[in-house]
Amino acid sequence: GALTLNGVANSVGAIFNGSVSLMGNTTITTTSSPILFARTINGPYSLTVTTGAAAGGSVSIGGVVGGTSLLTGLTVTGPTTISANINTSGAQTYTGAITLASQVALTTLDSDIRINTSLDAQTSGGQSLIVNQGLGTLYVNGTLGGLTKLSSLTITGKADLTYGVS
């Protein structure tokens, strides 16, 4: 079923099998267990998700984020698998290795998108990335497709690629 989140949750692990609606700015933190969003996540608030780097700590985004109500921002810390499009009105920040499990679009309304580590396809040449940050800037402090190549990369807007694209 559908879930409503609001506030701070510190947990051993967090698995959300239903659609998630944010009713306030929300922070979810685990130390070494997965955080899984199997379905959609909708705003209009910010979401911060943090998992420890210890074995088993990971974030999985399986459903469209901000498809019917944009999140005001998204911050994800920890190894992350993204399987669906992510839409926000504010900034998006990713710290931790990212794996694309399908074709993914990261979209903001004139805000920055920051990828602070690597971003790779799940299978070589199997997944693509579209980044549309309007008047914002895409900041990449890592490599896009360095370990497992993307099938394509489309960036609409300014980009600051500190390490680059393979």
Side-chain angles (χ1 to χ4, degrees), residues 5 16-22 25-28 34-51 57-166:
L5 299 177
F16 303 98
N17 287 318
S19 59
V20 172
S21 295
L22 302 180
N25 295 332
T26 302
T27 300
I28 301 169
I35 300 172
L36 167 66
F37 295 96
R39 304 250 185 254
T40 60
I41 306 169
N42 285 292
Y45 297 95
S46 68
L47 177 62
T48 301
V49 179
T50 303
T51 187
S58 64
V59 177
S60 179
I61 300 172
V64 173
V65 175
T68 59
S69 178
L70 296 176
L71 273 62
T72 57
L74 177 65
T75 302
V76 179
T77 303
T80 303
T81 299
I82 301 173
S83 301
N85 296 339
I86 298 177
N87 308 287
T88 60
S89 60
Q92 296 178 28
T93 302
Y94 304 90
T95 303
I98 299 169
T99 301
L100 300 181
S102 65
Q103 316 308 325
V104 171
L106 304 177
T107 303
T108 69
L109 298 179
D110 299 331
S111 294
D112 295 341
I113 296 176
R114 295 179 182 276
I115 299 172
N116 293 320
T117 54
S118 63
L119 183 144
D120 290 289
Q122 190 170 48
T123 56
S124 187
Q127 291 76 33
S128 63
L129 176 65
I130 298 170
V131 181
N132 182 0
Q133 69 281 16
L135 297 176
T137 301
L138 168 65
Y139 294 96
V140 177
N141 190 18
T143 305
L144 301 178
L147 295 176
T148 310
K149 299 205 179 299
L150 304 172
S151 62
S152 66
L153 172 64
T154 304
I155 301 171
T156 304
K158 297 185 296 183
D160 180 351
L161 306 176
T162 301
Y163 290 100
V165 177
S166 292

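Keep in mind the model is a prediction, meaning the values are calculated, not measured.
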So does [Y] get a backbone contact from the side chain of [X], meaning a donor-acceptor N/O pair under 3.5 Å?
X: T88; Y: G73; answer: no
X: T137; Y: D112; answer: no
X: S102; Y: S83; answer: yes
X: N25; Y: Y45; answer: no
X: Q122; Y: T99; answer: no

Atom pair [atom1]/[atom2] of [X] and [Y] - distance to nearest 0.5 Å:
X: I35; Y: T77; atom1: CD1; atom2: OG1; value: 9.5 Å
X: L100; Y: S151; atom1: CG; atom2: OG; value: 9.0 Å
X: L106; Y: I155; atom1: CG; atom2: CD1; value: 10.5 Å
X: L70; Y: I86; atom1: CG; atom2: CD1; value: 12.5 Å
X: F16; Y: L36; atom1: CZ; atom2: CG; value: 9.0 Å
X: L129; Y: D120; atom1: CG; atom2: CG; value: 11.0 Å

| field | Under 3.5 Å side-chain donor-acceptor pair for N42 and T68 | value | yes

| Any chance the side chains of T107 and N132 put a donor and an acceptor closer than 3.5 Å? | no

| task | Could you walk me through whether I115 and L138 pass side chain to side chain contact (heavy atoms under 4.5 Å, CB included), step by step? | result | CA-CA 8 Å; I115 299 172; L138 168 65; 4.2 Å; yes

Hey, are the side chains of [X] and [Y] touching, using non-hydrogen atoms and a 4.5 Å cut-off?
X: V104; Y: Q127; result: no
X: S128; Y: L150; result: no
X: T95; Y: T75; result: no
X: I28; Y: L5; result: yes
X: F37; Y: V49; result: yes

| field | Stepwise side chain to side chain contact (heavy atoms under 4.5 Å, CB included) check, Y94 with I82 | value | CA-CA 11 Å; Y94 304 90; I82 301 173; 4.1 Å; yes

| note | Correct closest heavy-atom pair for T72 and S46 would be OG1-N, 3.0 Å

| task | Work out which heavy atom in T81 is nearest to a heavy atom in A101; give both atom names and the distance. | result | CG2-CB, 3.8 Å

| field | side chain to side chain donor-acceptor pair (under 3.5 Å) involving N17 - partner list, sequence neighbours excluded | value | none

